[in-house]
**Q** 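Structure below; questions to follow.
Because the structure is predicted, anything quoted here is derived from the model rather than measured.
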Amino acid sequence: MRRKRKGQRPTRRVVSAGGVVLKGDPPEVLVVSLREGRVITLPKGQVEPGERYPETAVREVREETGVEASVLAPLGRVRYYFTVHEPEGPVTVSKEVHYFLMRYLGGIPRPQLTEVEDAFFLPASEALERLSYPNEREMLKRALLRLRPRAKKG
């Protein structure tokens with residue numbers, strides 16, 4: 001662990017939750033795009049006071065994409081850091097995201113334009129190539145592994 005050095009920029013902790021929403025066989029995964037389509041990511045957002053992580057995941061999927069989904073199982077969490085520039089100066093953000101395997105219940109993807117530019121389903125194999133962040137590709141791989149035993153039982 002690094003020690004905080006004198007003069008180091010302030011930090012802020014953010015906790016979010018999101019989902020790997022799968023539908024169909026072969027599975028498709030719900031994704032959103034940002035930055036004029038240059039970033040493809042999973043739907044996620046900040047946990048509100050009093051909210052449990054699975055509740056946040058369901059709410060954020062619905063808000064960002066218009067899709068209804070239910071939580072099947074936790075997939076894990078990731079942590080990453082980035083810098084935001086505020087009037088007082090740069091702030092390092094420590095972001096922790098809890099991901100869940102989610103079942104598609106209904107709805108046609110439509111983006112919440114204040115948050116994302118587009119929302120759509122991609123074949124899982126294509127999503128593994130197009131997701132912008134390695135930690136999200138890992139969450140999709142975990143979801144597909146968890147889904148596979150379920151598909152064989154049914």
**Q** In sequence, state the C-alpha distance, the side-chain angles, and the governing distance for Ser16 and Gln46, and then conclude on side chain to side chain donor-acceptor pair (under 3.5 Å).
**A** CA-CA 4 Å; Ser16 294; Gln46 287 190 30; 5.6 Å; no
**Q** What side-chain hydrogen bond (donor to acceptor under 3.5 Å, both in side chains) pairs are there with at least one residue in residues 62-84, not counting sequence neighbours?
**A** Arg9-Thr83, Arg59-Glu63, Arg62-Glu68, Arg79-Ser94, Arg79-Glu96
**Q** Same cluster or not: are Leu42 and Leu34 linked, directly or through other Ile, Leu, Val, Met, Phe, Trp or Tyr residues, by side-chain heavy atoms under 4.5 angstrom apart?
**A** no
**Q** Ala143: what forms a side-chain contact (heavy atoms from CB on, under 4.5 Å) with it, not counting sequence neighbours?
**A** Val20, Leu22, Leu75, Leu101
**Q** Kindly write out the residues that satisfy side-chain contact (heavy atoms from CB on, under 4.5 Å) with Pro54, not counting sequence neighbours, or none if the list is empty.
**A** Arg52, Val71, Phe100
**Q** So do Met102 and Val61 actually touch side chain to side chain, heavy atoms under 4.5 Å?
**A** yes
**Q** Got a sec, which residues hit salt bridge (Lys or Arg N to Asp or Glu O under 4.0 Å) with Glu60, two or more places apart in sequence or on another chain?
**A** none
**Q** Can you run down the ring pair (Phe, Tyr, Trp, His ring centres under 6.0 Å) pairs that involve residues 16-36, sequence neighbours left out, and say none if there aren't any?
**A** none
**Q** Pairs in or reaching into residues 110-124: which pass side-chain hydrogen bond (donor to acceptor under 3.5 Å, both in side chains), with residues at least two apart or in two chains?
**A** none
**Q** According to salt bridge (Lys or Arg N to Asp or Glu O under 4.0 Å), who are the partners of Arg35, at least two apart in sequence or on a separate chain?
**A** none
**Q** Who passes salt bridge (Lys or Arg N to Asp or Glu O under 4.0 Å) against Arg130, sequence neighbours left out?
**A** Glu126
**Q** Using the test side-chain hydrogen bond (donor to acceptor under 3.5 Å, both in side chains), find all partners of Glu36 that sit at least two apart in sequence or belong to another chain.
**A** Arg38
**Q** Name all pairs fulfilling the ring pair (Phe, Tyr, Trp, His ring centres under 6.0 Å) condition that reach into residues 34-72, sequence neighbours left out, sorted by first residue then second.
**A** Tyr53-His98
**Q** Which value, rounded to the nearest 0.5 Å, describes the distance between Asn135 atom CG and Tyr99 atom OH?
**A** 5.5 Å
**Q** Return the set of residues passing salt bridge (Lys or Arg N to Asp or Glu O under 4.0 Å) with Glu86 (not counting sequence neighbours), or none when no residue passes.
**A** Arg12
**Q** Please check if atom CD1 in Ile108 has more than 12 non-hydrogen atoms from other residues, nucleotides or ligands closer than 6.0 Å.
**A** no
**Q** Roughly how far, to the nearest 0.5 Å, is CG of Leu144 from CG of Leu128?
**A** 6.0 Å
**Q** Which pairs with one or both residues in residues 101-148 pass ring pair (Phe, Tyr, Trp, His ring centres under 6.0 Å), sequence neighbours excluded?
**A** Tyr104-Phe121
**Q** To the nearest 0.5 Å, what is the distance between CG (Leu131) and CG (Leu140)?
**A** 6.0 Å
